[in-house]
**Student:** 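One structure, pasted below without further comment.
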Amino acid sequence: MAYYFSEASHTFGEYLLVPGYSSTECIPANVSLKTPLVKFKKGEEPSISMNIPLTSAIMQAVSDDKMAVALAKEGGVSFIYGSQSIENEAAMVARVKNYKSGFVRSDSNILPSTTLREVVDLKERTGHSTMAVTEDGTPEGKLLGIVTSRDYRVTRMSMDTKVADFMTPFEKLIWADADTTSLKDANNLIWEHKLNMLPLIDENQRLKYMVFRKDYTDNKENTNELIDAQKRYVVGAGINTRDYAERVPALIAAGADVLCIDSSEGFSEWQKITLEYIHKNFGNEVKVGAGNVVDREGFRFLAEAGADFIKVGIGGGSICITREQKGIGRGQATALIDVVAARDEYFAETGIYIPVCSDGGIVHDYHVTLALAMGADFVMLGRYFSRFDESPTNKVKIKGNYLKEYWGEGSNRARNWQRYDMGGDKKLSFEEGVDSYVPYAGSLKDNVTVTLNKVRSTMCNCGALTIPELQKNAKLTLISATSIVEGSSHDVIVKDKYYRNEE
Ligand code: IMP
């Protein structure tokens, strides 16, 4: 007879934290969100920890090098998506490792023949008003000029005017040498010449970086940033159970600090083979997470196979249709609680602590705190990060609202067959994810700051100044369907909505 779990499967929205005693010491400013990323022995320190418990999902619509830099600046880690060529993924990792704070690679590039109409469209899509005009329209092409919104007036000029006719040409630009200019020198030039942006070029006039005046305070303010021993940003990278023999060495050579097997369902021999191959050929210094699993057995299997952290979650992601398509999965909260129990048992038995990551299904900021309270060491988020300026996708305006695109790795758009492959025919035979929009939400920094302020504040309500204290002392309660209704504003007409409906 089949096995039946005795408890129903629950999700985060069905739980609340019950406050505990908090002393006067327990204030958000005293809370530490430091958390281990990889396994460690009792009494020792993990070789990689994060300053905040957030990682960004291994997805095309979420984690590229730009996202990785932005998140590392705040203290977390991005896992660059693996559903791209080995060469491209390694190049993204290398860009993060070579990133010089304050030196930005140009991401809005145009040609002298580009029209004003195209410039306006590009600005709308990226939100960036400074564009580099290069000979071939690439980020590192020969710099011919710059266009900013001060160079044109849409009300006075034909939309067909070519960039060559209104750009500030190279001869009139203040620029600096990319090889010899430090950030301090660049900022001095910006102040001296009252510039908004200083381009840095090589000996062939090719654009290398741009330094922006607006980033000046930003560059000084990242006290939480996550850096390695050589002061480079920490970055992770996704791998699969197919081409690891080629992909892993390329990612290590590019400087990846940690890898993660990206799979929709990780309780499989493929993962064991992959972990064993990596540890045998590249040594235990190469850190590799595995998953996803949703129960004790799955955890134990990956722990024994050598995983450095273990991801939990099947079917709970916002773009995920795995449960509808295949009927597999488990409520995220229940899965997490079960896996955490197995992690703690394993620790008691072996003295090895394997961090657990709750992956997918975080809808509200407080779900992060719930996941930590239930024992997760960190969370992985896709939808959350996809809404920000730093995600790799287009920003679009539909019916007056700004949205960003967000698609699942199991959608036809991503075509990530390796994530779903069961030893089959190298293609997706049916979709497990959708292609969608999410409301645009601004910068990563602003949003992460608010989210973590809420986490710290709730931790104080629970009398916890650290994540391990929260895991140990949290009191959680399941809530009834009626209590869920009570938890939102109710029996009043919220003014905002009322006025919006009247319009
Ligand atoms: P979210 O934060 O709720 O949007 O969930 C993100 C997580 O969903 C990722 O980290 C993956 O584990 C998972 N995921 C990504 N793409 C797909 C898909 O196409 N189908 C199912 N799950 C997916």
Side-chain angles (χ1 to χ4, degrees), residues 11-13 53-63 67 71 76-84 236-240 260-267 271 289-294 298 309-333 335-336 339 356-365 367-368 370-371 376 378-388 391-393 404-422 427-439 441 444 447-448 451:
T11 187
F12 292 130
L54 307 182
T55 60
S56 70
I58 313 169
M59 297 174 70
Q60 294 173 2
V62 182
S63 299
M67 176 65 70
L71 184 51
V77 170
S78 285
F79 284 85
I80 305 282
Y81 64 93
S83 52
Q84 58 178 326
I239 58 169
N240 62 68
C260 183
I261 305 176
D262 180 32
S263 166
S264 61
E265 200 271 288
F267 190 0
Q271 298 235 341
N292 285 5
V293 295
V294 286
F309 66 85
I310 290 174
K311 262 188 326 122
V312 180
I314 295 177
S318 56
I319 29 53
C320 178
I321 50 170
T322 295
R323 293 186 192 167
E324 278 167 33
Q325 294 280 61
K326 292 169 75 181
I328 59 165
R330 198 172 187 194
Q332 186 64 14
L336 179 60
V339 169
V356 164
C357 167
S358 178
D359 175 17
I362 299 278
V363 180
H364 300 291
D365 290 334
H367 289 173
V368 175
L370 280 179
F378 56 97
V379 294
M380 179 171 271
L381 310 110
R383 185 196 59 85
Y384 177 83
F385 286 112
S386 70
R387 299 169 304 147
F388 305 154
S391 79
T393 71
K404 288 213 57 155
E405 294 181 307
Y406 179 43
W407 61 93
E409 287 295 300
S411 66
N412 274 337
R413 181 161 182 185
R415 300 205 165 277
N416 183 358
W417 63 267
Q418 288 98 334
R419 188 173 199 272
Y420 298 90
D421 185 37
M422 312 273 307
K427 65 177 175 49
L428 279 180
S429 53
F430 54 91
E431 287 187 293
E432 290 195 41
V434 297
D435 188 358
S436 70
Y437 292 116
V438 288
L444 179 144
N447 283 276
V448 165
T451 299

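Counting convention: from 1, in listed order, for ligands and their atoms alike. Since we're looking at a predicted model, the values are computed, not measured.
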**Student:** Under 4.0 Å from any heavy atom of Thr322, which atoms of ligand 1 are there?
**Tutor:**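 Near Thr322, the atoms of ligand 1 are 21 (C).
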**Student:** Counting only heavy atoms not in Arg413 (residues, nucleotides, ligands), do more than 12 fall under 6.0 Å from its CZ?
**Tutor:**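 Yes, enclosed.
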**Student:** In terms of atom number and element, which parts of ligand 1 are under 4.0 angstrom from non-hydrogen atoms of Ser318?
**Tutor:**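 The atoms of ligand 1 under 4.0 Å from a heavy atom of Ser318 are 1 (P), 3 (O), 4 (O), 5 (O).
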**Student:** Considering the heavy atoms of Cys320, write down every atom of ligand 1 situated less than 4.0 Å from one of them.
**Tutor:**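 Those qualifying, in numeric order: 20 (N), 21 (C), 22 (N).
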**Student:** Out of Val438, Asp359, Leu381, who is nearest to atom 7 (C) of ligand 1 when you count heavy atoms only?
**Tutor:**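 Closest candidate by heavy-atom distance is Asp359.
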**Student:** Measure from the side-chain N and O atoms of Arg387 to the backbone N and O of Val438, and report whether any donor-acceptor pair falls under 3.5 Å.
**Tutor:** no
**Student:** If we only count N/O pairs under 3.5 Å, is Lys311 in contact with ligand 1?
**Tutor:**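 Between Lys311 and ligand 1, no N or O pair is found under 3.5 Å apart.
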**Student:** Compare Tyr384, Phe385, Tyr406 and give the one whose heavy atom is closest to atom 6 (C) of ligand 1.
**Tutor:** Tyr406
**Student:** Roughly how far, to the nearest 0.5 Å, is CD1 of Ile319 from OG of Ser411?
**Tutor:**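 Result: 8.0 Å between the selected atoms.
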**Student:** For ligand 1, which is the ligand I care about here, please tell me if Gly382 has any N or O atom under 3.5 Å from one of the ligand's N or O atoms.
**Tutor:**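 There is such a contact, yes.
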**Student:** Measure across Thr55 and Phe385 and return the closest heavy-atom pair with its distance rounded to 0.1 Å.
**Tutor:**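 So the minimum-distance heavy-atom pair works out to O-CE1, 3.5 Å.
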**Student:** Salt bridge or not between Arg419 and Glu432? Use side-chain N to carboxylate O under 4.0 Å.
**Tutor:** no
**Student:** In the protein, which heavy atom is nearest to atom 16 (N) of ligand 1, and how far is it?
**Tutor:**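 Minimum-distance protein heavy atom for atom 16 (N) of ligand 1 reads Glu409 N, 2.9 Å.
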**Student:** Judged by atom type as modelled, is there a donor-acceptor pair below 3.5 Å linking the side chain of Ser358 to the main-chain atoms of Val379?
**Tutor:**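 The answer is no, because no donor-acceptor pair under 3.5 Å joins these two groups.
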**Student:** Considering only heavy atoms of Arg383, which atoms of ligand 1 have at least one such atom less than 4.0 Å away?
**Tutor:**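 By the 4.0 Å cutoff, the relevant atoms are 1 (P), 2 (O), 4 (O).
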**Student:** Could you state the interatomic distance from CG (Asp359) to CD (Gln332), rounded to the nearest 0.5 Å?
**Tutor:** 7.0 Å
**Student:** Should Arg419 be counted as touching ligand 1, given the test is an N or O pair under 3.5 Å?
**Tutor:** yes
**Student:** Contact between Gly361 and ligand 1, counting heavy atoms under 4.0 Å?
**Tutor:** yes
**Student:** Would the distance check show the side chain of Asn292 and the main-chain N or O of Gly313 forming a donor-acceptor pair, the cut-off being under 3.5 Å?
**Tutor:** yes
**Student:** From the options Glu409, Gln84, Gln60, select the one residue that forms a side chain to side chain donor-acceptor pair (under 3.5 Å) with Asn416.
**Tutor:**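 With Asn416 as partner, side chain to side chain donor-acceptor pair (under 3.5 Å) holds for just one option, Glu409.
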**Student:** Distance only, no hydrogens: is a donor on one side chain within 3.5 Å (strictly under) of an acceptor on the other, for Ser391 and Tyr406?
**Tutor:** no
**Student:** Between ligand 1 and Ile319, is the shortest N or O to N or O distance under 3.5 Å?
**Tutor:** no
**Student:** So if I count the atoms of ligand 1 from 1 in the order they appear, which ones are less than 4.0 Å from some heavy atom of Ala57?
**Tutor:**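 So the answer, numbered in order with elements, is 9 (C), 10 (O).
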**Student:** Counting only heavy atoms closer than 4.0 Å, does ligand 1 sit against the backbone of Met59, its side chain, both, or neither?
**Tutor:** side chain
**Student:** Treating Lys311 as the side-chain partner and Gly289 as the backbone partner, does any N or O pair qualify as donor plus acceptor under 3.5 Å?
**Tutor:** no
**Student:** For ligand 1, which atoms have a heavy atom of Glu432 less than 4.0 angstrom away?
**Tutor:**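 Once the distances to Glu432 are compared, the set is 18 (C), 19 (O), 20 (N), 21 (C).
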**Student:** Which residue holds the protein heavy atom closest to atom 18 (C) of ligand 1, what is that atom called, and what is the gap in Å?
**Tutor:**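 Answer for atom 18 (C) of ligand 1: Tyr420 OH, 3.0 Å.
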**Student:** Suppose I only count heavy atoms of Gly317 and a 4.0 Å limit; which atoms of ligand 1 are within that range?
**Tutor:**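 Checking each atom against Gly317, I get 3 (O), 5 (O), 8 (O).
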**Student:** Who's the nearest protein heavy-atom neighbour of atom 19 (O) of ligand 1, and how far?
**Tutor:** Gly410 N, 2.6 Å
